[in-house]
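All chains are named by letter (A, B, ...) in the order of the sequence lines, taking the proteins before the strands, and each is independently numbered beginning at 1.
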Amino acid sequence: MKNLERVQQIMQNFDRELFRQNLIQWFRNEQRVLPWRENQDPYRVWVSEIMLQQTRVDTVIPYFNNFLTKFPTLEALAEADEQEVLKAWEGLGYYSRARNLQNAVREVVEEYQGVVPSEPEEIAKLKGVGPYTKGAILSIAYDKPIPAVDGNVMRVLSRILHVEEDIAKASTKKLFEELITELISHEDPSSFNQGLMELGALVCTPKSPSCLLCPIQEQCRAFEQGIEEELPVKSSKKKQKKAPYMLLLIQNEQGEVLIEQRPSSGLLASLWQYPMLPLGDVDRESAPHWFYGEYGLKIELKETKQTIKHVFSHLIWEMEVVTAEIIGGELDHERARFVTLDERNDYPFPVSHQKAHKYINS
DNA sequence: GACACGTGGGC
DNA sequence: TGCCCAAGTGT
């Protein structure tokens, strides 16, 4: 069935105006006080929407406040060093968001005279601004009736309208965008979009939704049938692959520790870490030889500490932490350097390697 | 369409 | 413990 046809089928006998009124009224009364809701500044809305991608509100709040203090304007962010931006993002995860945001902000400053574009076609070209973020910024900052479909919206609407399509599929997201296009309030698209998300966050939660408190209860098809817990339908993801490493803690005579910068693309791009070698590629016995070839330093393995386990969304690192002593050679590596423990604090580290900090002798 | 891309919290 | 999740995007 074509989407348009499916949309008509779903929307049959659904009172859109009642839905809009109840949702918007509820949002105006019940919305949380959040730092990015102080005003409609497109820059603030933009930063918040990027940070909130796949990330909880409670986690984002302190990062948002710190980020806006360090980079209060588009211009301030455009002029900042990338490393400084990554440091402000340290611990938030999905670090390409930070680099894409800064790139896009630089483009707005250079190509749009520092004004965040209010046209869908223009804002959609910016790096890191996908269909969701486009709709969120345009509706919240510019009051434009554009859909902003995230996980909340799909969950809430799948229940209210009884949609059984798998929300893990991209095609289902398109279906919801078309549904929202039919449903969205043109009077207050900002409260409508935010209301849908707020409802998903506060009432129509993934587990044990609070249907008795729901402003849309009388219109909810899932509640009517008592199947709210069965929706939305979502196919499960596969589990992570394990990747074993040896992580090396190496200090020179001054007590400085060896760190290196990760490649500028891929996992944890441009962040810093302790040298780490993939076990399996290299075994424990040949590790010093491998290390000499890579870094130009002759080392001797000393003490084996604990193994750090770090779970990512798609893989698991198991890092055996080993201290090593320098017995010769000279550091010869593009992206590696010795730093004092104080200096180390200025470098953005992924959480996985922050876990190794405590094994350093200081 | 499928997979890479982080982290911390809840049960 | 392990799995699911939380305001997605890029390739």
Side-chain angles (χ1 to χ4, degrees), chain A residues 27 31-32 34-37 44-64 86 89-101 103-104 123-137 139-140 147-157 166-174 176-177 180 190 193-202 204-209 229 232 234-243 262-263 265-271 273 309-317 348-355:
Chain A
F27 178 71
Q31 64 170 304
R32 292 167 288 180
L34 296 170
W36 46 89
R37 288 180 175 164
R44 292 170 64 91
V45 173
W46 187 1
V47 171
S48 72
E49 290 304 337
I50 301 297
M51 285 189 171
L52 285 163
Q53 289 171 7
Q54 302 290 288
T55 311
R56 297 184 131 76
V57 166
D58 289 342
T59 303
V60 167
I61 291 172
Y63 280 92
F64 178 84
L86 285 173
W89 211 271
E90 184 183 69
L92 246 196
Y94 286 140
Y95 298 95
S96 67
R97 291 183 295 176
R99 297 181 314 135
N100 288 155
L101 173 61
N103 287 339
I123 201 168
K125 288 181 193 159
L126 299 171
K127 277 193 202 72
V129 179
Y132 164 75
T133 306
K134 174 184 73 175
I137 296 174
S139 62
I140 298 170
V149 175
D150 71 340
N152 283 313
V153 172
M154 290 195 282
R155 181 176 62 257
V156 169
L157 280 191
D166 181 359
I167 65 165
K169 293 187 170 170
S171 59
T172 304
K173 190 171 154 184
K174 281 188 182 161
F176 281 111
E177 282 169 355
I180 295 291
S190 172
N193 277 345
Q194 292 191 78
L196 232 29
M197 293 188 274
E198 197 80 341
L199 191 62
L202 300 181
C204 196
T205 48
K207 286 159 191 164
S208 322
E229 295 261 31
K234 187 178 184 182
S235 55
S236 58
K237 32 196 158 185
K238 45 186 191 180
K239 52 177 202 178
Q240 305 97 328
K241 288 246 162 77
K242 286 181 183 173
R262 293 180 59 83
S265 65
L267 183 63
L268 305 170
S270 299
L271 272 69
Q273 65 179 16
K309 179 181 175 182
H310 189 81
V311 179
F312 294 91
S313 47
H314 59 302
L315 61 94
I316 299 173
W317 277 358
F349 270 70
V351 170
S352 49
H353 280 250
Q354 290 176 32
K355 291 176 181 172

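- Between the side chain of Ser313(A) and the base of dG6(B) there is at least one donor-acceptor pair of N/O atoms closer than 3.5 Å.
- Environment of NZ in Lys127(A): sparse, with no more than 12 heavy atoms of neighbouring residues, nucleotides or ligands closer than 6.0 Å.
- By the 4.5 Å heavy-atom criterion applied to side chains, Pro147(A) and Phe176(A) are not counted as neighbours.
- Between dG2(C), dA6(C), dT9(C), one nucleotide has an atom nearer to the side chain of Lys309(A) than all others, and that is dG2(C).
- We find the CZ-OG distance between Arg37(A) and Ser48(A) to be 9.0 Å, quoted to the nearest 0.5 Å.
- Residue contacts for Lys241(A): at a heavy-atom cut-off of 4.0 Å it reaches no nucleic acid atom on any strand shown.
- dG10(C) and dG1(B) are spaced 14 Å apart, taking the C1' atom of each and rounding to whole Å.
- We find the CH2-NZ distance between Trp46(A) and Lys134(A) to be 15.0 Å, quoted to the nearest 0.5 Å.
- For Gln53(A) and Tyr132(A), the side-chain atoms include no donor-acceptor pair closer than 3.5 Å.
- Residue Val351(A) places its side chain closer to dT7(B) than to any other of dG1(B), dT7(B), dG10(C).
- Using a 4.0 Å heavy-atom distance criterion, Arg155(A) is classed as a sugar-phosphate-only contact.
- Atom P of nucleotide dG10(C) and atom NE2 of His314(A) are separated by 17 Å, given to the nearest angstrom.
- Contact check, Lys238(A) against dC3(C): no side-chain N or O comes under 4.0 Å of OP1 or OP2.
- Residue Ile137(A) contributes atom CD1, which lies 13 Å from atom C1' of dG8(C) at whole-angstrom precision.
- Looking at heavy-atom distances under 4.0 Å, Gly200(A) makes no contact with the nucleic acid at all.
- Residue Thr133(A) is classed as a sugar-phosphate contact, given heavy-atom separations below 4.0 Å to backbone atoms only.
- Using a 4.5 Å cut-off on side-chain heavy atoms (C-beta onward), Glu49(A) and Val129(A) make no contact.
- Among the protein residues, Arg262(A) comes within range of no part of the nucleic acid, since none of its heavy atoms lies under 4.0 Å from any strand.
- Nucleic acid contact for Lys134(A): none, since no nucleic acid atom lies under 4.0 Å from a heavy atom of the residue.
- At a threshold of 4.0 angstrom between heavy atoms, the contacts of Lys207(A) with the nucleic acid are absent.
- Summarising the geometry, the separation between OH on Tyr63(A) and P on dG6(B) is reported as 13 Å, rounded to the nearest angstrom.
- Positionally, the nearest nucleotide of DNA chain B for Ser171(A) lies more toward the 5' end than for the other of Ser171(A) and Gly93(A).
- To the nearest 0.5 Å, atoms CG (Asn100(A)) and CD1 (Ile50(A)) are separated by 8.0 Å.
- Within the nucleic acid shown, Lys169(A) has no heavy atom closer than 4.0 Å to any nucleic acid atom.
- Mapping Arg32(A) and Ala124(A) onto DNA chain C by nearest heavy atom places Arg32(A) closer to the 5' end of the strand.
- Rounded to a whole Å, the NZ atom of Lys239(A) is 18 Å from the C1' atom of dC3(B).
- In this structure, Leu268(A) reaches the sugar-phosphate backbone alone: every heavy-atom distance under 4.0 Å involves primed, P, OP1 or OP2 atoms, never a base.
- Within the 4.0 angstrom heavy-atom criterion, no nucleotide atom of any strand lies near Val60(A).
- At a cut-off of 3.5 angstrom, counting only N and O atoms as typed in the model, there is a donor on one side and an acceptor on the other between the side-chain of Thr55(A) and the base of dG6(B).
- Put simply, CG on Leu267(A) is 13 Å from C1' on dC3(B), counting in whole angstrom units.
- In this structure, CD of Gln240(A) is placed 13 Å from P of dT7(B), rounded to the nearest angstrom.
- Proximity of Lys173(A) to the phosphate of dT9(C): a side-chain N or O atom is located under 4.0 Å from OP1 or OP2.
- Nucleotides dG6(B) and dC5(C) place their C1' atoms 13 Å apart, quoted to the nearest Å.
- Comparing atom distances between the Tyr94(A) side chain and each of dG8(B), dC5(B), dG1(B) picks out dC5(B) as nearest.
- Atom CD of Gln53(A) and atom C1' of dG8(B) are 18 Å apart (whole Å).
- Heavy atoms of Val311(A) sit under 4.0 angstrom from at least one base atom.
- Contact of Tyr132(A) with dG8(C) (side chain to base): no donor-acceptor pair of N or O atoms is detected under 3.5 Å.
- Distance CD (Gln54(A)) to P (dG8(B)): 16 Å, rounded to an integer number of Å.
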